[in-house]
There are 2 protein chains.
Amino acid sequence: MFCDFQDGTYVKSPSDKLTYGTMMFVRVVILQDMAGYMSKAATISIRYSAVRRQSELKPGEPEPQILDYTTQQYKLFPNLAACFALRFNAAWLWNMYNSVTAELEEGDLDRLPELHALSCCLKAVCTADVAHGVETCRLACGGHGYMTCSSMPSIYGLVTAASTYEGENTVLLLQTARYLIKAWQQAVGGMALTPTVAYLKHAVTGNTGLRRWENTAECIVRAHQQVAAGKIKMCADNMDRRIRGGISPEDAWNMTSIELAQCAEAHARAIIVNRFVETVAELIVSDALKTVLTQLSELYGVYWLLQKSGDFLMYSDVTSQDISSLQKWMEQLLAQIRPNAVGIVDGFDICDEILSSALGCYDGRVYERLFEEASKSPLNKEPVNISFQKYLKPFLKASL
Amino acid sequence: MFCDFQDGTYVKSPSDKLTYGTMMFVRVVILQDMAGYMSKAATISIRYSAVRRQSELKPGEPEPQILDYTTQQYKLFPNLAACFALRFNAAWLWNMYNSVTAELEEGDLDRLPELHALSCCLKAVCTADVAHGVETCRLACGGHGYMTCSSMPSIYGLVTAASTYEGENTVLLLQTARYLIKAWQQAVGGMALTPTVAYLKHAVTGNTGLRRWENTAECIVRAHQQVAAGKIKMCADNMDRRIRGGISPEDAWNMTSIELAQCAEAHARAIIVNRFVETVAELIVSDALKTVLTQLSELYGVYWLLQKSGDFLMYSDVTSQDISSLQKWMEQLLAQIRPNAVGIVDGFDICDEILSSALGCYDGRVYERLFEEASKSPLNKEPVNISFQKYLKPFLKASL
């Protein structure tokens with residue numbers, strides 16, 4: 001495209017910006033891939049947690065399925081919700097990529113910077129989330145999660161690489177931050193804002209007066225946008241203060257870069273939460289299914305709010321008193337999702353051959369499959385390995 | 001000890017509690033191991049970051065060492081500080097283990113529950129921290145961190161296992177939580193408290209009135225204790241409320257278990273921060289060394305405060321206004337540690353043979369060593385592998 005393949009001469013693109021095209025395409029594809037990997041890990045760990053029994057919830061009662069422990073639900077269900085968050089956001093970004101690319105071919109570059117900023121921060125946040133999420137699911141399988149035949153280690157190996165390739169995550173977050181700081185300056189200057197940063201205008205007009213918190217999806221979305229706006233404004237202020245103090249813009253940028261990366265992360269989270277809630281609202285499905293998807297979208301939003309509660313206490317309508325009510329809401333959502341959890345991952349319809357996991361197969365024959373996998377090892381060809389007879393037994397029998 | 005080894009007959013210990021002995025011993029050893037692994041990962045990633053140069057801080061200037069990027073310092077230096085936090089806490093727990101074991105042999109079981117509670121939560125928090133810390137250091141090495149010859153993947157493999165073995169981390173946190181809830185009830189009942197939970201008495205007497213925040217180690221330690229006390233009290237209240245509402249104690253425990261695990265984590269963090277600060281204060285070393293160790297202990301405390309800012313806004317003297325001043329303090333500490341970072345890891349004195357990393361050797365010959373390592377691969381025996389001549393070249397030459 002930008003290079004004459006016949007003799008290898010490099011021909012510069014008519015616009016520097018066009019070279020972003022391929023990178024953005026790959027980042028959109030990465031989002032789709034991450035949704036797939038997260039769904040595999042969620043399927044394996046949730047099915048295993050329905051088979052595995054351990055300890056006692058009440059003295060003398062049979063060992064419960066480990067999926068009945070609230071702490072286990074807390075490890076797994078936010079990642080189950082993330083499967084949908086990723087899928088819906090990947091589909092949305094894919095559509096935007098296609099329409100922006102069509103505009104590009106008409107010579108219209110207007111929406112390119114917004115798409116670039118989105119693809120950077122969504123790639124960074126989603127790959128980091130999925131690496132952490134897959135590892136959490138793996139750890140939730142206990143010692144069995146370390147076995148190669150669980151497939152969890154190989155899934156982790158594949159997803160953690162995505163934090164580095166196609167743009168290292170911190171570098172990408174800072175690319176988005178540069179866009180957000182510009183957008184903030186446009187907002188302050190009263191200029192029109194692109195749709196995905198339109199929420200900044202409330203922060204500029206000061207139309208953010210505290211409103212009474214309610215445990216609703218609408219409040220969750222607004223709070224995430226308030227946090228993103230608050231952090232973007234704070235970064236812009238810190239940059240200004242440093243530059244006014246005689247520091248060069250480049251040094252000021254480096255000095256502010258921890259907070260800049262975090263504001264891009266907050267922006268990405270606001271986008272993801274908003275998209276998840278809106279997609280579920282627009283879906284035309286049965287009431288029963290909509291109820292389940294709504295629970296998952298709410299869990300996703302509340303989980304991330306509580307993970308970053310400090311930001312919400314500082315920049316959103318959420319008060320200290322609301323935090324305990326949000327914690328209870330989250331616990332209710334976990335309990336509501338529990339009966340459907342296995343059904344939801346079954347709905348991903350990942351066939352056993354693709355899952356390739358002794359822990360996660362559809363039929364739940366975990367222990368039989370573990371035994372079969374272990375039998376395949378050359379070390380297990382005979383009941384007692386020859387090395388015992390040859391080396392260990394004489395050693396143990398010797399009086400040292 | 002508890003089993004007659006001659007014929008294998010199990011002989012029950014005179015006290016159930018004595019069987020904790022070996023488990024506690026292993027958990028103490030795990031802390032020491034974690035300090036070692038974290039030090040290796042910090043050494044490799046900090047030395048590499050002093051050799052590696054990338055991009056431009058200012059247009060036209062030479063590529064800086066990546067260690068000069070604030071975001072890189074933010075990834076590495078809190079983990080450098082953690083090396084000391086782990087080492088000092090492991091040494092302290094080791095001493096306590098030995099003195100409690102000596103008391104046990106005199107038939108004195110008094111301090112056993114406290115030691116058990118400590119060894120559980122410290123094992124859980126330290127193994128989780130180090131797994132996350134090592135992975136952060138690995139990611140900070142970019143693509144090279146994925147290479148086997150960096151040693152980073154194998155260090156991660158070793159440390160992540162520790163979150164599961166010798167007591168799964170969530171199970172251990174809940175063991176500590178049980179101790180903390182009992183301690184809280186003792187505090188409310190005006191009974192004497194063991195030293196490591198003595199901070200609870202301020203929370204009971206209500207002697208926690210807001211004090212003006214100052215950026216000092218003393219305030220950092222007190223704030224961590226306020227958070228732990230606040231979260232323990234909140235868990236006790238939630239348990240009470242549920243039980244009064246007719247829920248069985250076992251179900252109430254399960255329903256409260258997310259918060260219970262988190263209160264044990266907060267307790268562990270308060271212990272670690274306090275021990276780090278106190279150890280540095282007591283050390284008899286040069287002023288210059290004490291300055292560096294003080295910076296590291298403050299960085300550790302401030303970093304974790306900012307990571308959990310929501311808890312501190314809810315339960316400690318910290319206010320919203322203090323958060324931005326804490327952020328600036330942290331950024332100053334990163335800049336202060338920067339010139340000494342390589343010297344500090346050199347001080348760990350891990351020899352090249354033990355580090356076994358092309359990225360982390362003392363002489364900084366990263367690229368030469370990477371080339372040497374790559375040369376060892378059978379795939380690189382000849383400049384162009386034979387598979388190219390045999391398969392790829394004919395394929396590429398064919399007009400498909």
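Chain A is the first sequence line, chain B the second, and so forth, proteins listed ahead of strands; every chain is numbered from 1.
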Minimum heavy-atom distance A:S309-B:G310, with the two atoms named: OG-CA, 3.3 Å
Looking only at non-hydrogen atoms, find the nearest pair between A:L174 and B:T71 and report the distance. CD1-CG2, 4.4 Å
Give, as side chain, backbone, both or neither, the part of A:Q327 having an atom under 4.5 angstrom from any heavy atom of chain B. side chain
Roughly how far apart are A:S257 OG and B:Q72 CD, rounded to 0.5 Å? 10.5 Å
Interchain contact, A:A161 with chain B, by part (heavy-atom threshold 4.5 Å): both
For A:M330, is it the side chain, the backbone, both, or neither that has a heavy atom closer than 4.5 Å to a heavy atom of chain B? side chain
Which atom of A:E168 lies closest to which atom of B:K75, heavy atoms considered: OE2-NZ, 3.2 Å
Which atoms of A:Q262 are under 4.5 Å from chain B, going by heavy atoms: the side chain, the backbone, both sets, or neither? side chain
State, to 0.1 Å, how close B:S320 and A:M314 come at their nearest heavy-atom pair, and which atoms those are. O-CE, 3.6 Å
For each of A:I258, A:N238, A:L260, tally heavy-atom pairs with chain B at distances under 4.5 Å, and name the one with the top tally. A:I258
Min side-chain heavy-atom separation A:S324-B:M234 under 4.5 Å: no
Can you measure from NZ (B:K308) to CD (A:Q307) and round to the nearest 0.5 angstrom? 7.0 Å
A:E56 versus chain B, heavy atoms under 4.5 Å apart: side chain, backbone, both or neither? neither
Sort A:K328 into side chain, backbone, both or neither according to what part of it lies under 4.5 angstrom from a heavy atom of chain B. side chain
Taken to the nearest 0.5 Å, the spacing of B:E61 CD from A:E250 CD works out to 8.5 Å
Just give me the residue among A:T160, A:L139, A:D68, A:I323 that pairs up with chain B most often, heavy atom to heavy atom, under 4.5 Å. A:T160
Segment of A:L334 engaging chain B (4.5 angstrom heavy-atom cut-off): side chain
Under 4.5 Å, counting heavy-atom pairs only, tell me which of A:W253, A:Y69, A:F312, A:Y156 racks up the most with chain B. A:Y156
Inspect the surroundings of NE2 in B:H132 and state if more than 12 heavy atoms from other residues, nucleotides or ligands are less than 6.0 Å away. no
Do B:T70 side-chain atoms and A:N254 backbone N/O form a donor-acceptor pair below 3.5 Å? yes
Could you walk me through whether B:K58 and A:D251 pass the side-chain contact (heavy atoms from CB on, under 4.5 Å) test, one step at a time? CA-CA 8 Å; B:K58 292 184 186 172; A:D251 287 333; 3.1 Å; yes
